[in-house]
2 protein chains.
Amino acid sequence: MQSPLPQRLKSARKLAKLTQEKLSNKLGFDDRSHGTARISQYETGKHAPDFAMAKKMADALGVPVAYLYCDEEKLADLILAASKLDENQLTMIIESISDL
Amino acid sequence: MQSPLPQRLKSARKLAKLTQEKLSNKLGFDDRSHGTARISQYETGKHAPDFAMAKKMADALGVPVAYLYCDEEKLADLILAASKLDENQLTMIIESISDL
DNA sequence: TCATTTTCTAAGGATTCCTTAATATACTTT
DNA sequence: AAAGTATATTAAGGAATCCTTAGAAAATGA
């Protein structure tokens with residue numbers, strides 16, 4: 001099983017209109033190369049970030065960290081959609097699923 | 001940021017009524033100790049599994065792999081509930097969120 | 001094309017993981 | 001309550017993976 005993180009990370013970054021360098025800066029990696037090399041390695045699947053790094057990148061990109069690890073497309077879509085809801089709305093959705 | 005995987009893995013395993021050894025067997029680790037030590041290390045947060053291993057454990061426990069990495073409780077609940085739906089039902093839920 | 005930006009890669013020191021063996025904790029039964 | 005059994009955890013070191021650095025390759029666009 002291949003990790004979905006590389007593709008999801010790359011597409012989320014593109015959607016946020018960030019270069020690897022800009023994302024690198026948002027993450028606190030100051031000068032060039034320090035961050036972009038790592039981000040590239042993550043996006044190409046050459047290496048995997050640990051959870052703390054995945055969380056930081058997800059926050060910087062405005063997606064739930066679980067989204068980066070989701071290997072089912074429809075479920076990934078749901079996670080993204082749900083991330084824009086507040087707690088009450090989420091509760092209502094969960095209840096409506098129980099009623100199916 | 002702490003990884004949610006240790007706690008989620010442990011609670012999912014308990015819910016499935018499996019010991020670390022039984023889960024270890026389901027994963028293909030044959031004799032004792034080979035698997036239980038690793039699973040214990042994952043559940044106590046001493047070490048983190050790579051994605052392939054996380055996916056295998058999630059499959060064995062009947063939860064989406066993204067659930068293991070979800071750090072928001074309500075979203076985690078939604079992921080679990082949604083995992084029992086078929087594609088059509090998922091599509092309908094996503095649409096109903098768009099309408100909010 | 002040329003200049004510039006953006007992304008990718010190789011190599012090695014640094015870090016983390018997996019295996020093994022043993023210990024510790026939690027149950028059960030007597 | 002102790003002994004026996006099942007379950008879970010830990011330490012240590014060899015094995016694997018990651019992070020840093022420097023540089024090269026692709027992509028962009030004037």
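In the text below, chain A, chain B and the rest are named by the order of the sequence lines, each starting its count at 1.
Rounded to whole Å, the distance from CE on B:M53 to P on D:dA16 is 14 Å. The distance between atom CG of B:D50 and atom C1' of C:dT15, rounded to the nearest whole Å, is 16 Å. Per the geometry, CZ belonging to A:F29 stands 8 Å off P belonging to D:dC19, to the nearest Å. Taking atom CZ of A:F51 as the reference point, atom P of C:dT15 lies 22 Å away to the nearest angstrom. In this entry the distance linking CG of B:L5 with P of C:dC17 reads 12 Å, nearest Å. Atom pair B:L23:CG and D:dT7:C1' shows a separation of 13 Å (rounding to whole Å applied). One interatomic measurement links the two molecules: CG of A:L27 to P of D:dC19, which rounds to 13 Å at whole-angstrom precision. Across the protein-nucleic acid pair, A:L18 atom CG and C:dT6 atom P stand 11 Å apart, rounded to whole Å.
Of the candidates C:dT7, C:dA11, C:dA21, C:dA21 carries the atom nearest the B:A37 side chain, counting heavy atoms from C-beta on. In the set C:dA11, D:dT7, D:dT10, C:dA11 carries the atom at the smallest distance from any side-chain atom of A:Q41. For B:S40, the side-chain atoms get nearest to D:dT10 when compared with the rest of D:dT10, D:dC18, C:dT16. When each of C:dT19, C:dC8, D:dA11 is scored by its nearest atom to the side-chain atoms of A:K10, the top-ranked nucleotide is C:dC8. Checking C:dT6, C:dA11, D:dA11 against the side-chain heavy atoms of A:T19 singles out C:dT6 as nearest. Closest to the side chain of B:T44, out of C:dT9, D:dT10, D:dC18, is D:dT10. Comparing D:dT20, C:dC17, C:dC8 against the side chain of A:T36 picks out C:dC8 as the nearest.
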*Are A:K56 and A:D59 close enough, and set up right, to give a side chain to side chain contact (heavy atoms under 4.5 Å, CB included), and what steps lead you there?*
CA-CA 5 Å; A:K56 280 173 67 175; A:D59 286 350; 5.8 Å; no

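Within the structure, every side-chain polar atom (N or O) of A:R38 is placed at least 4.0 Å from both OP1 and OP2 of D:dC18. Between C:dA10 and A:K46, a contact under 4.0 Å exists linking OP1 or OP2 to a side-chain N or O. Remark: B:Y42 is in phosphate contact with C:dC18, judged by side-chain N or O atoms under 4.0 Å from OP1 or OP2.
B:I93 and A:M92 fall into different hydrophobic clusters, defined by Ile, Leu, Val, Met, Phe, Trp and Tyr side-chain heavy atoms under 4.5 Å apart, directly or through other members.
Heavy-atom distances to DNA chain D give each of B:R13 and A:A48 a nearest nucleotide, and the one nearer the 5′ end belongs to B:R13. In terms of position on DNA chain D, the residue among B:H47 and B:K22 whose nearest nucleotide sits closer to the 5' end is B:K22.
Remark on the helix from C:dT1-D:dA30 to C:dT30-D:dA1: inter-end axis angle 50°, axes from five-pair C1' superpositions, rounded to 10°.
In terms of heavy atoms, A:R13 sits closest to A:L61 at CA-CD2, 3.6 Å. Closest non-hydrogen pair, A:V65 versus A:A58, comes out as CA-CB, 3.6 Å. The two atoms that bring A:Y42 and A:A48 nearest to each other are CE2-C, 3.9 Å, heavy atoms only.
For B:Q20 against D:dT9, no side-chain N or O and base N or O form a donor-acceptor pair under 3.5 Å.
Among the heavy atoms of the strands lying under 4.0 Å from A:K14 are primed sugar atoms or P, OP1, OP2 only; no base atom is included.
Counting heavy atoms from C-beta outward, B:P64 and B:L80 have side chains that approach closer than 4.5 Å.
The NZ atom of A:K74 sits 3.5 Å away from the OG1 atom of B:T91 when rounded to the nearest 0.5 Å.
Under the side-chain contact (heavy atoms from CB on, under 4.5 Å) rule, A:N88 has a single partner from A:L90, A:L85, A:D86, which is A:D86.
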